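See structure below.
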Amino acid sequence: MAKEYNFREIEKKWHQRWVEQQTYRVTEDATRPKFYVLNMFPYPSGAGLHVGHPLGYIASDIYARYKRQQGYNVLNPMGYDSYGLPAEQHAIKTGQHPQISTFANIDHYREQLDKIGFSFDWSREVRTCDPAYYHWTQWAFQQMFQSYFCNTCQKAQPIDDLIRHFEEKGTEALDVAQSEELTFTAEEWKSWDERRRSEVLMNYRLAFLGETMVNWCPELGTVLANDEVVNGVSERGGYPVEQKRMRQWCLRISAYSQRLLDGLDTIQWSESIKETQRNWIGRSEGTEVEIPYTLSATGEQEGSFTIFTTRADTMFGVTFFVLAPESELVDKVTTPEQRAAVDAYLSYVKSRTERERMIDHTVTGVFSGAYGINPITGDRCPIYIAEYVLAGYGTGAIMAVPAHDSRDYAFAKHFDLPIIPLVEGADVSQESYDAKEGIVINSPVSDDKSVLYDGERLCLNGLSIKEAIAETKRFVETHHLGRIKVNYRLRDAIFSRQRYWGEPFPVYYKQGIPTMVPEECLPIELPDVEKFLPTETGEPPLGNAQVWAWDEQHRQIVDKALIDEKTVFPLELNTMPGFAGSSAYYLRYMDPTNDKALLSPEAAAYWQNVDLYVGGSEHATGHLIYSRYWNKFLFDLGVSKKDEPFQKLINQGMIQGWSSFVFRIKGTNRYVCYDLLDVQYDDAAKKSRYFYQGEEADPIYTDISTVSGKELDVEKIRQWMPEFRDAEFVTNAEGKYIVLQMVEKMSKSKYNVVNPDEICTNYGADTLRLYEMFLGPIEQSKPWDVAGIDGCHRFLKKFWMLFWDKEGNLQADDSEPTADNLKSLHRLIKKVSADIEEFSYNTSIPAFMVATTELTNQKCRSRHVLEPLVSLIAPFCPHIAEELWEALGDKFPGKEDRGSVCDAQWPVFNEKYLVESTVKMPVQFNGKVRFTLELAADMSKEEIEKTALTAPEAQKYLDGMTVVKTVVVPGRIVNIVIKPA
RNA sequence: GCCCAGAUGGUGGAAUUGGUAGACACGAGGGACUUAAAAUCCCUUGGCCUAACAGCCGUACGGGUUCGAGUCCCGUUCCGGGCACCA
């Protein structure tokens with residue numbers, strides 16, 4: 001009887017064994033090099049784990065196991081990002097506390113994860129909603145509150161240093177990150193009371209209360225960060241978002257713009273993610289120029305304003321100026337005659353939502369009545385107010401150069417303003433010339449159209465645009481007309497959410513002044529509430545808490561009834577956003593149970609940062625920016641030992657699901673087969689519409705379990721949902737009901753979720769692991785398709801059979817391997833090692849299949865080949881590897897104590913087993929003949945040439961020929977070009 | 001509009017980074033074993049022309065470099081992603 005590959009038994013056995021022996025427990029070990037592998041931890045949703053989740057986990061698990069076999073001390077932890085909106089919305093609907101559903105979901109996730117055989121060290125698990133964990137989220141927030149950012153040293157500094165500076169010099173010689181530029185003296189500072197000082201300091205703190213325009217989502221009842229808003233609607237739920245002015249906690253992430261940008265050059269991330277982050281940070285180096293203005297075409301100067309431009313070279317093409325409607329200057333420059341028109345325009349702008357402004361780009365604007373004086377030409381140009389200029393970027397004022405900016409061009413055409421081209425050969429009669437390429441013309445050389453400064457006038461004729469920009473910058477700086485300025489698009493992160501299920505702020509309000517709860521009293525624990533919606537008075541849900549205040553004397557939360565007393569203060573009612581808990585969790589894994597610090601200096605020094613981080617690219621402008629900011633801040637404090645948290649990043653693609661649709665005729669209970677429908681594309685609605693005999697039919701999702709192939713199982717759908725029980729199904733001529741199938745993101749609401757449990761049950765975890773890797777490159781998104789899974793399972797059976805004879809006995813022996821055996825083995829070692837390093841596991845699997853077939857055909861028995869083979873497959877399929885490793889150990893006495901296969905040494909590749917000389921490809925051309933030899937690697941160029949020309953295989957080509965030339969391709973191949981003698 | 005990444009059989013995808021294009025798997029077709037089915041195994045499978053051998057064409061399209069191009073360079077088309085009245 002042949003020994004069967006009984007994966008159920010094998011996997012069960014090893015899951016137990018790993019738990020008993022704590023195989024994956026990791027401790028700091030100074031004698032071994034560390035390696036830190038990390039996955040983005042999951043949000044435990046009610047739908048459970050689907051086949052997309054494990055993709056990244058398997059990929060990183062393979063890498064972790066591989067590194068461990070190479071002798072590294074590998075940290076490979078897992079945890080849960082367990083605060084979030086779905087749990088809260090579930091709670092609002094059902095009244096059940098979000099912790100109950102969250103914990104239930106976590107248990108379910110854990111059960112599913114355990115089936116797949118990961119090498120996670122579960123003793124290091126973290127949960128963001130655990131007070132012992134969010135203690136340190138709160139602590140980090142407090143540290144940010146107590147810090148400001150010094151621009152000169154590009155580092156966070158204690159706020160006390162800044163206070164000392166104010167006491168001594170006011171704002172003199174201050175170069176720090178700030179919300180707005182304030183100017184005051186030391187005397188003024190000293191004269192202010194505590195409340196005023198507190199407000200002023202908010203201008204500098206890294207965590208600060210700010211009056212800002214926020215993305216308010218009425219449907220969700222909370223504000224959202226910029227990355228949580230997509231095309232004017234909320235990322236979650238797709239609800240409309242409006243702009244609202246609110247007092248919110250913010251993080252001064254913009255202070256770190258330059259460091260966030262520079263850091264990208266030091267990490268191994270995909271170019272596309274780095275590029276996305278660069279776009280998001282949006283550095284632009286330009287020039288600020290002071291523009292004096294007058295209130296009439298001939299009048300005296302009334303004041304000045306500052307514009308920002310990246311195209312300083314176009315100063316000679318300015319024909320008007322534009323202010324953002326929200327700019328404070330609008331009021332100053334509006335003349336009495338234009339007042340009514342300006343007010344009308346401002347109220348029009350106010351009436352428009354952010355979304356309307358984003359979609360609708362029609363030209364609007366109004367003349368202010370004032371004129372700006374171009375400091376280079378001395379020209380007076382009208383000042384307009386228009387919504388195409390944004391208040392939040394640069395100075396909220398621009399110089400308009402219609403010839404070379406398409407937006408200015410559209411505006412100039414609409415208001416019939418002059419257009420002056422400045423680039424040789426640029427035709428601006430139909431559209432502007434925006435490119436930064438060409439030779440500059442039209443700058444006056446000596447006439448009165450340019451202003452002399454200290455005997456110098458700006459002249460750019462003949463320069464390239466890039467040279468002209470540099471020259472203008474120099475001119476502007478030398479003559480104090482403005483300054484070189486770097487702007488960033490990155491906005492500060494809004495850090496308050498009007499929700500219940502998040503980290504509470506460790507902040508109370510003492511006579512209205514925001515005050516930090518003392519560090520030793522942390523964490524401030526999330527209180528129980530009865531209702532998870534905002535209070536009747538519109539306070540966030542925490543306002544529903546019975547006990548939610550701070551008594552400074554007792555330093556504890558006291559009864560709400562005592563709040564009127566002078567010594568009792570209200571605590572902050574907002575909670576922190578989702579990214580708070582996920583911003584530093586990788587540090588906590590290094591020392592997860594430490595209750596004295598976020599992590600000990602020893603743990604930080606050993607583990608440093610994450611060597612390999614695996615997760616989806618959808619976090620490019622969210623988590624992956626916030627974490628980098630958070631880590632840089634902690635690095636400035638000395639808590640984190642590396643400036644960048646994630647050295648190498650791999651973005652696994654999404655596994656999509658196949659959604660299936662049936663079609664219900666409007667207003668009926670009849671469902672029509674997809675074949676029978678007319679499909680029309682509705683351009684306006686940007687979707688397809690379906691018609692059956694003139695009647696419209698709506699696509700309705702049906703569960704994947706009700707469909708096989710493209711055919712609907714009518715009985716199954718009737719049982720699945722009551723609404724289908726009595727439905728009528730119109731089938732096609734063959735009596736089949738065909739559904740429409742589409743590839744979409746896997747989601748509970750689309751009924752297209754495939755769950756890994758079933759595959760584990762039917763094929764085993766090893767097959768699942770192998771198959772998920774085989775599906776295609778890790779970084780690519782691809783639809784889930786079970787069709788190929790049999791192939792992987794079949795391979796594992798073949799692999800298994802390599803080790804057992806027909807009677808079910810292990811057939812390994814001590815014999816010496818043949819040259820063919822070694823060649824097959826070493827080719828595999830080379831391929832698999834290289835693939836793991838490059839994360840192209842999908843191509844390793846065919847290599848395993850080929851090697852297995854070869855060794856089977858060679859009837860290989862030698863344990864000197866079979867043992868390394870088991871080591872090689874161990875990272876991919878740990879269960880089968882353990883079983884075989886154990887069996888091999890039993891067979892060869894004295895090797896019983898060699899432990900788990902995850903400590904088996906990774907086989908070392910030796911090229912000498914591969915090498916042989918072969919003629920590669922004789923080709924004729926131009927009367928000559930060329931052939932190629934593959935040779936050993938470790939020869940000198942001369943040796944290779946000599947070997948090639950004397951190789952027996954070569955002689956039949958060389959006979960009667962003259963060698964024209966030989967070309968040695970480094971290390972491997974020789975091209976020999978020959979012609980008849 | 002700007003930036004980034006792509007395009008290879010019926011399908012997912014290989015190709016040692018410039019060296020026999022299509023590995024491996026799926027699907028399809030044919031066969032063996034079997035009362036039958038499952039399981040397993042073997043053969044064929046890019047296109048065209050062939051009875052067969054052979055031959056020709058073929059990596060989105062058009063050029064170029066090279067003894068040699070899926071790979072490098074220039075241009076075009078199409079798909080995906082990011083940013084976007086950011087001056």
Side-chain angles (χ1 to χ4, degrees), chain A residues 2 231 270-284 286-287 307-312 314 322 324 357-364 386-401 404-408 410-411 431-432 434-436 487-491 617-618 620-621 651 770-771 774-777 779-783 785-792 794-795 797-798 801 827 830-831 834 840 842-850 853 914 919-926 928-932 934 964-965 967 969 971-978:
Chain A
N231 291 329
S270 76
E271 216 31 64
S272 66
I273 291 267
K274 286 192 194 179
E275 204 52 39
T276 302
Q277 292 212 344
R278 286 192 192 106
N279 284 339
W280 190 257
I281 295 165
R283 183 186 203 269
S284 81
T287 315
I307 58 99
F308 174 76
T309 181
T310 54
R311 291 294 302 275
T314 57
V322 188
R357 250 173 104 157
M358 270 170 71
I359 292 167
D360 174 22
H361 286 182
T362 46
V363 176
T364 64
E387 61 177 340
Y388 84 88
V389 173
L390 305 176
Y393 184 75
T395 58
I398 62 151
M399 61 178 210
V401 186
H404 301 293
D405 183 286
S406 49
R407 296 151 303 179
D408 297 346
F411 195 84
E431 55 180 0
S432 62
D434 291 15
K436 279 192 188 178
N487 270 327
Y488 300 93
R489 226 187 40 121
L490 186 67
R491 292 293 127 86
S617 57
E618 66 273 17
T621 55
N651 299 115
L770 212 54
Y771 182 60
F774 182 61
L775 219 45
E779 312 221 57
Q780 213 160 78
S781 288
K782 55 240 155 185
D785 176 15
V786 284
I789 203 159
D790 289 309
C792 285
R794 223 172 283 154
F795 157 70
K797 279 189 191 169
K798 281 186 203 160
M801 289 317 293
R827 203 157 45 201
K830 186 182 181 186
K831 176 73 178 151
S840 44
N842 57 321
T843 61
S844 286
I845 291 155
F848 270 114
M849 295 180 181
V850 171
T853 307
L914 294 196
V919 176
K920 285 265 298 195
M921 38 164 221
V923 176
Q924 289 193 6
F925 65 97
N926 296 347
K928 298 170 199 160
V929 177
R930 174 171 46 83
F931 66 92
T932 304
E934 197 180 281
V964 177
K965 64 172 176 179
V967 182
V969 179
R972 299 179 16 77
I973 288 165
V974 188
N975 286 321
I976 299 166
V977 183
I978 48 183

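Fair warning: this is a prediction, and the values are worked out from it, not measured in the lab. In what follows, chains carry the letters A, B, and so on, assigned in the order in which the sequence lines appear, proteins first and then strands, with residues in each chain numbered from 1.
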Inset, instruction - Write down the distance separating the P atoms in C85(B) and U8(B), rounded off to the nearest Å. - result: 34 Å
Legend entry - Watson-Crick/G-U partner (both atom distances under 3.5 Å) of C41(B): G31(B)
Inset, instruction - Please state whether the phosphate of A87(B), meaning OP1 or OP2, lies under 4.0 angstrom from any side-chain nitrogen or oxygen of Y393(A). - result: yes
Inset, instruction - Return the nucleotide paired to C2(B): Watson-Crick means purine N1 to pyrimidine N3 with N6-O4 or O6-N4, wobble means G-U with N1-O2 and O6-N3, both under 3.5 Å. - result: G82(B)
Legend entry - G-U wobble or Watson-Crick pairing nucleotide for A52(B) (cut-off 3.5 Å, both distances): none
Legend entry - Distance, nearest 0.5 Å, that separates NZ of K797(A) from SG of C792(A): 13.0 Å
Inset, instruction - Could you give the distance separating C24(B) and G80(B) at their C1' atoms, to the nearest angstrom? - result: 26 Å
Inset, instruction - Would you please classify the geometry between the Y393(A) ring and the F308(A) ring as parallel, tilted or perpendicular, with 30° and 60° separating the classes? - result: perpendicular
Inset, instruction - Report the distance from atom CD1 of I789(A) to atom CZ of R794(A), rounding to the nearest 0.5 Å. - result: 12.0 Å
Inset, instruction - Rounded to the nearest angstrom, tell me the gap between atom CD in Q780(A) and atom P in A7(B). - result: 9 Å
Inset, instruction - Look through every strand shown and name the nucleotide pairing with G10(B) as Watson-Crick or G-U wobble, where both distances are under 3.5 Å. - result: C26(B)
Legend entry - From OG1 (T621(A)) to CH2 (W280(A)), nearest 0.5 Å: 4.5 Å
Inset, instruction - Taking only the side-chain heavy atoms of F774(A) (C-beta and beyond), determine which of C3(B), A87(B), G12(B) contains the nearest atom. - result: G12(B)
Inset, instruction - Output yes when at least one side-chain N/O atom of N842(A) is less than 4.0 Å from OP1 or OP2 of A14(B), else no. - result: yes
Legend entry - C26(B) to C42(B) separation - P atoms, rounded to the nearest Å: 12 Å
Inset, instruction - Return no unless some side-chain N or O of R827(A) is found under 4.0 Å from OP1 or OP2 of U16(B). - result: no
Legend entry - Sugar-phosphate only, base, or nothing, as touched by L775(A) at under 4.0 Å among non-hydrogen atoms: sugar-phosphate
Inset, instruction - Name the nucleic acid region contacted by R278(A), choosing base, sugar-phosphate or nothing; use a 4.0 angstrom heavy-atom cut-off, strictly under. - result: nothing
Inset, instruction - For P777(A), report the nucleic acid contact type (base, sugar-phosphate, nothing); a contact means any heavy atom under 4.0 Å. - result: sugar-phosphate
Inset, instruction - Return the nearest nucleotide to the side chain of R794(A); candidates are C85(B), U40(B), A15(B). - result: U40(B)
Inset, instruction - Indicate, with a heavy-atom threshold strictly under 4.0 Å, whether F848(A) touches base, sugar-phosphate, or nothing. - result: nothing
Legend entry - G12(B) to G22(B) separation - C1' atoms, rounded to the nearest Å: 13 Å
Legend entry - Euclidean distance, atom CG of residue N279(A) to atom C1' of C83(B) [Å, nearest integer]: 5 Å
Inset, instruction - Measure the spacing between CG of D405(A) and OG1 of T314(A) and express it to the nearest 0.5 Å. - result: 8.5 Å
Legend entry - N487(A) side chain to S284(A) backbone, donor-acceptor under 3.5 Å: no
Inset, instruction - Rounded to the nearest angstrom, tell me the gap between atom CZ in R489(A) and atom C1' in G82(B). - result: 10 Å
Legend entry - U17(B) glycosidic torsion: syn (within 90° of 0) vs anti: syn
Legend entry - Rounded distance (nearest 0.5 Å) linking atom OG1 of T309(A) with atom CE of M399(A): 4.0 Å
Inset, instruction - Measure the spacing between CG of L770(A) and CE of M849(A) and express it to the nearest 0.5 Å. - result: 6.0 Å
Inset, instruction - Tell me which nucleotide among A25(B), A87(B), C3(B) gets nearest to the side chain of M849(A). - result: A25(B)
Legend entry - Syn or anti conformation of G9(B), syn meaning chi within 90° of 0: syn
Legend entry - Euclidean distance, atom NZ of residue K782(A) to atom P of G12(B) [Å, nearest integer]: 13 Å
Legend entry - Shortest side-chain distance from K831(A), nucleotide among C24(B), A15(B), C83(B): A15(B)
Inset, instruction - Write down the distance separating the C1' atoms in C78(B) and G29(B), rounded off to the nearest Å. - result: 34 Å
Legend entry - W280(A) CH2 - G81(B) C1' separation (whole Å): 15 Å
Inset, instruction - Could you pick out which residue, T843(A) or S272(A), lies toward the 5' side of RNA chain B when each is mapped onto its nearest nucleotide? - result: S272(A)
Legend entry - N651(A) CG - A5(B) P separation (whole Å): 14 Å
Inset, instruction - In whole angstrom, give me the gap between the P atoms of A23(B) and G13(B). - result: 16 Å
Inset, instruction - Using atom NZ of K797(A) as one end and atom P of A38(B) as the other, report the distance to the nearest whole Å. - result: 14 Å
Inset, instruction - Could you work out which one of C24(B), C85(B), G13(B) sits closest to the side chain of P846(A)? - result: C24(B)
Legend entry - d(CD1, I789(A); P, U11(B)) in whole Å: 22 Å
Legend entry - P spacing across the pair C3(B) / A84(B), given as an integer number of angstrom: 16 Å
Legend entry - For G58(B), the Watson-Crick or wobble counterpart (both distances under 3.5 Å): none
Legend entry - Of Y488(A) and D790(A), the one whose closest RNA chain B nucleotide lies more 5': D790(A)
Inset, instruction - Pick the P atom in G58(B) and in A52(B), then give their distance to the nearest Å. - result: 23 Å
Inset, instruction - Tell me what V389(A) touches on the nucleic acid: a base, only sugar-phosphate, or nothing, going by heavy atoms under 4.0 Å. - result: base
